[in-house]
Participant: 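Sharing a structure with you now.
Sequence positions, counted from 1, serve as the residue numbers for this chain. Note that this is a predicted model, so its numbers are computed, not measured.
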Amino acid sequence: FAYRVPVTERDKSTYQGGLSVTVPLTDRLSAGLNGYLISQPGLNALNLTYGADLRYRVNDGLRLVAGYTAGATGTTAGLTTGANPGVFLRADLSGGR
């Protein structure tokens, strides 16, 4: 869950919720599917995005993630990299499988 509330323009507040499922393919590689619901209530805007990614475990504390997110509906921008339409590459420093 992520949110942004601009101090001067509260009607442009943005809220985002997401769900991700990851399946291990090998001891270092996994594949995932994700979906995000992004809302700007003050503008009566709602957006749903979905995507897929591949995750490579470099070591216990670092994973490289590459994926693609499609914009299913609406035009509201996401608050995180994986929620915005298009190709993305990121490093997850917290680990996890």
Participant: Under the salt bridge (Lys or Arg N to Asp or Glu O under 4.0 Å) definition, can you give me all pairs with a residue in residues 36-48, not counting sequence neighbours?
Facilitator: none
Participant: Which distance, rounded to the nearest 0.5 Å, do you find between the OG of Ser39 and the CG of Leu48?
Facilitator: 12.0 Å
Participant: Under 4.5 Å side-chain heavy-atom separation, chaining through any Ile, Leu, Val, Met, Phe, Trp or Tyr, what else clusters with Val87? Say none if it is isolated.
Facilitator: Tyr68
Participant: What is the distance from atom OH of Tyr56 to atom CG of Leu25, rounded to the nearest 0.5 Å?
Facilitator: 13.0 Å
Participant: Which heavy atom of Ser30 sits nearest a heavy atom of Pro24, and at what distance?
Facilitator: CB-CA, 3.7 Å
Participant: Does Ala66 have any side-chain contact (heavy atoms from CB on, under 4.5 Å) partners at least two apart in sequence or in another chain, and if so, which?
Facilitator: Leu89
Participant: So which heavy atom on Thr22 is nearest to which on Ser20, and how close?
Facilitator: OG1-OG, 4.1 Å
Participant: For Leu64, does its backbone N or O pair with a side-chain atom of Arg90 as donor and acceptor, under 3.5 Å?
Facilitator: no
Participant: Can you give me the closest heavy-atom contact between Tyr36 and Gly18, atom names plus distance?
Facilitator: CD2-CA, 3.6 Å
Participant: Is any side-chain heavy atom of Leu93 closer than 4.5 Å to a side-chain heavy atom of Leu62?
Facilitator: yes
Participant: Measure from the side-chain N and O atoms of Arg28 to the backbone N and O of Arg57, and report whether any donor-acceptor pair falls under 3.5 Å.
Facilitator: yes
Participant: Taking all non-hydrogen atoms of both residues into account, name the closest pair between Ala52 and Asn34 and its distance.
Facilitator: N-ND2, 4.3 Å
Participant: Which pairs with one or both residues in residues 34-54 pass salt bridge (Lys or Arg N to Asp or Glu O under 4.0 Å), sequence neighbours excluded?
Facilitator: Asp53-Arg55
Participant: Tell me the salt bridge (Lys or Arg N to Asp or Glu O under 4.0 Å) pairs involving residues 31-49, sequence neighbours left out?
Facilitator: none
